[in-house]
Q: 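The structure that follows is given in the form of structure tokens.
Order of the sequence lines sets the chain letters (A, B, ...), proteins ahead of strands, with each chain counted from 1.
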Number of protein chains: 2
Amino acid sequence: MPPTAPSRRRNEELLSAIHEATLAELAERGFSGVTFEGVARRARTSKPVLYRRYPSRAELVLAAVHAREPLPVLDAPTGELRADLLSLFSAHEARYHRLGAGVIRGLLAELPQERANETLAAGSILTHTTLRALVAQARADGKLGPREVPDAVLDTPIALLRHEFLMLGRVPSRAQVEEILDLIYLPLLRLHSGAAAPSGR
Amino acid sequence: MPPTAPSRRRNEELLSAIHEATLAELAERGFSGVTFEGVARRARTSKPVLYRRYPSRAELVLAAVHAREPLPVLDAPTGELRADLLSLFSAHEARYHRLGAGVIRGLLAELPQERANETLAAGSILTHTTLRALVAQARADGKLGPREVPDAVLDTPIALLRHEFLMLGRVPSRAQVEEILDLIYLPLLRLHSGAAAPSGR
DNA sequence: AGAATAAGATACGCGCCGTATCTTATCCGC
DNA sequence: GCGGATAAGATACGGCGCGTATCTTATTCT
């Protein structure tokens, strides 16, 4: 008979099975259908093993999502401001789409306020930093005016995209993303950086 | 002995007791702590009575909130664009504040998508229509340029305020509201309506 | 080797779900 | 007023997931 019959998983192997099971349950049953019991069954483990790691359903889901869905990074800035912004926003939008609005809403509702903020912030700080860098580059290149752009302005598109997706439940179309960019964001950047002629073109 | 001992409530009286109990539970235990059983107990009625009226917890809470939190109205447009927008935003913000982010997040997570959208749209005085009217007035008065402002631009502050409150969990301060207005919205309106000099005051 | 650690199995009481059944107070039309 | 329709209210049900406690046993570290 096989001597290694009752092989017992640990650490990464186990953790990975848990995350996988969680994501599968998430996909099949939606956020509210994710259950400690269900995940334990599916990952062929037991509830205590889960409870030893995660204090709540929300944390479990969050961990699984983070493990499999790293934050989007902007791979190669071309130096062309509009193109870079567009690809950044698209990456964001794709991430939202993969996750689904239901998951994020569920997390938002069930995570403690503090934790939800951290999490959102982690996502948006990265973006904030990226945006800041892109804009700084464009200013240095003379594509924008010389003045510093206020943070509130810098973060506008994050808020707009999130709102569209989370509140209204639609994944922004390419056209919408471009609209935000051309009608709102780029004009604001030009204006606040003090670029030459904000009018025609 | 009193002949009207087992007085049995109906219609408004009953409904009102249900709403009151729901709001009380909401306040004490938060959205996720609201329970059909708990509300029934507190309203001194029974679960079937509740289930005959509301199909889900979210609908129960929604009804209670709507019953006790009617829409604020924008009292008097002064014709002064900035002042009117400011008071509109403040009213909006005050409403969110009374409700609390947790409740809205819970509703968003548990209501079906369609219903959530209706509710968000209907529940807000800071509507597209209101903004459109104010801006149209300002344009007619020559306070802005003559051109029509695109919808995406018109709705910007709705998204920004909601994002701030719901995602980040903070009630926007007066200063933040003014920032949105002065750094983002008014400039955009001037720009898109084709107002004369968008630069230094 | 032995000790420490953590996986895994099982079982518990609890609270809430959503529904079915039944009684009985109240309302409405005649 | 009376009598039938209506809906409140009480109760009970099986089911499920929660969160925890207890115990055994495989694995790893020293």
Side-chain angles (χ1 to χ4, degrees), chain A residues 1-22 24-26 28-64 67 102 106-107 109-112 115, chain B residues 1-22 24-26 28-64 67 106-107 109-112:
Chain A
M1 61 279 290
T4 16
S7 126
R8 181 173 285 187
R9 295 163 300 176
R10 284 199 159 210
N11 303 328
E12 287 110 74
E13 190 188 353
L14 179 58
L15 209 56
S16 162
I18 291 174
H19 291 157
E20 193 166 341
T22 304
E25 293 281 297
L26 201 52
E28 277 181 22
R29 307 178 188 282
F31 183 87
S32 65
V34 173
T35 245
F36 276 73
E37 303 226 13
V39 171
R41 256 196 308 277
R42 185 163 206 145
R44 321 186 80 259
T45 180
S46 64
K47 284 197 290 174
V49 171
L50 298 181
Y51 277 105
R52 274 164 204 152
R53 287 176 167 71
Y54 308 105
S56 70
R57 184 168 67 153
E59 291 290 349
L60 170 61
V61 169
L62 186 58
L107 287 175
E110 292 193 9
L111 283 176
R115 196 77 178 87
Chain B
M1 63 280 290
T4 15
S7 126
R8 180 173 286 188
R9 297 163 299 174
R10 286 199 158 212
N11 303 328
E12 286 111 74
E13 189 188 355
L14 179 57
L15 209 56
S16 162
I18 291 173
H19 292 158
E20 192 165 342
T22 304
E25 293 282 297
L26 201 54
E28 276 181 23
R29 306 177 188 280
F31 183 86
S32 66
V34 173
T35 247
F36 276 73
E37 302 223 337
V39 171
R41 256 197 308 275
R42 185 161 204 144
R44 322 186 81 257
T45 179
S46 64
K47 284 197 289 173
V49 171
L50 298 181
Y51 276 105
R52 275 165 205 150
R53 288 176 166 72
Y54 308 104
S56 70
R57 186 169 65 152
E59 291 289 349
L60 169 61
V61 169
L62 187 58
L107 288 175
E110 292 192 10
L111 283 176

Q: Quick one: closest heavy-atom pair of Arg57(A) and Gly33(A), and the distance?
A: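 The answer is NH1-N, 4.3 Å.
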Q: Determine which pairs satisfy salt bridge (Lys or Arg N to Asp or Glu O under 4.0 Å) with at least one residue from residues 28-42 of chain B, sequence neighbours left out, and list them in order.
A: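 Salt bridge (Lys or Arg N to Asp or Glu O under 4.0 Å) check on residues 28-42 of chain B returns Glu25(B)-Arg29(B), Glu25(B)-Arg42(B), Glu28(B)-Arg42(B), Glu37(B)-Lys47(B).
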Q: Under 4.0 Å between a side-chain N or O of Arg57(B) and OP1 or OP2 of dC17(C)?
A: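 Indeed not, no polar side-chain atom of Arg57(B) lies that close.
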Q: Taking atom P of dC18(D) as reference, at what distance in whole Å does atom OH of Tyr54(A) sit?
A: 16 Å
Q: Rounded to the Å, how far apart are Glu37(B) CD and dT11(D) P?
A: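 These atoms are roughly 14 Å apart.
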Q: Rounded to whole Å, how long is the line connecting atom CZ of Phe36(B) with atom C1' of dA20(C)?
A: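 Rounded to the whole Å, the gap is 17 Å.
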Q: Considering all heavy atoms of both residues, which atom of Leu26(A) and which atom of Phe31(A) are nearest to each other, and what is their separation?
A: CD1-CA, 3.7 Å
Q: Rounded to the nearest Å, what distance is computed from the CG atom of residue Leu15(B) to the P atom of nucleotide dG9(D)?
A: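 Leu15(B) atom CG is separated from dG9(D) atom P by 12 Å.
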Q: Is the CZ atom of Arg44(B) crowded by more than 12 outside heavy atoms at less than 6.0 Å?
A: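 Not buried by this count: 12 neighbours or fewer within 6.0 Å.
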Q: If every non-hydrogen atom of His19(A) is compared with every non-hydrogen atom of Tyr54(A), which pair is closest and at what distance?
A: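 Residues His19(A) and Tyr54(A), closest heavy atoms: NE2-OH, 3.0 Å.
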Q: Just to be sure I understand the geometry, which residues of residues 38-46 of chain B put a non-hydrogen atom under 4.0 Å away from DNA chain D?
A: Thr45(B), Ser46(B)
Q: For Arg53(A) and Leu14(A), run side-chain contact (heavy atoms from CB on, under 4.5 Å): C-alpha distance rounded to whole Å, both residues' side-chain angles, the deciding distance at 0.1 Å, then the answer.
A: CA-CA 11 Å; Arg53(A) 287 176 167 71; Leu14(A) 179 58; 3.8 Å; yes
Q: Looking at every heavy atom in both Ala43(A) and Ala17(A), which two are closest together, and how far apart are they?
A: CB-O, 3.8 Å
Q: Grab the CZ-P distance between Arg8(B) and dA8(D) for me, whole Å please.
A: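 It is 9 Å, rounded to the nearest whole Å.
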Q: Check this for me: does the side-chain of Lys47(A) come within 3.5 Å of the base of dG17(D) through a donor and an acceptor?
A: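 Under the 3.5 Å cut-off, the side chain and the base do not form any donor-acceptor pair.
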Q: Tell me the interatomic distance from Arg53(A), atom CZ, to dG19(D), atom P, rounded to whole angstroms.
A: 17 Å
Q: Between P on dT27(D) and CD on Glu12(A), what's the gap in Å once rounded to a whole number?
A: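 Interatomic distance, CD of Glu12(A) to P of dT27(D): 16 Å.
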Q: Using a cut-off of strictly less than 4.0 Å, decide whether Arg10(A) has a side-chain nitrogen or oxygen near OP1 or OP2 of dA26(D).
A: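 So the side chain of Arg10(A) is outside the cut-off, no N or O lying under 4.0 Å from OP1 or OP2 of dA26(D).
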Q: In whole angstrom, what separates Tyr51(A)'s OH from dT10(C)'s P?
A: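 Rounding to the nearest Å, OH of Tyr51(A) and P of dT10(C) are 18 Å apart.
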Q: Quick one: is dC18(D) close enough that its OP1 or OP2 comes under 4.0 Å of any side-chain N or O from Thr35(A)?
A: yes
Q: Tell whether Arg52(A) reaches the base of dA6(C) with its side chain through a donor-acceptor pair below 3.5 angstrom.
A: no
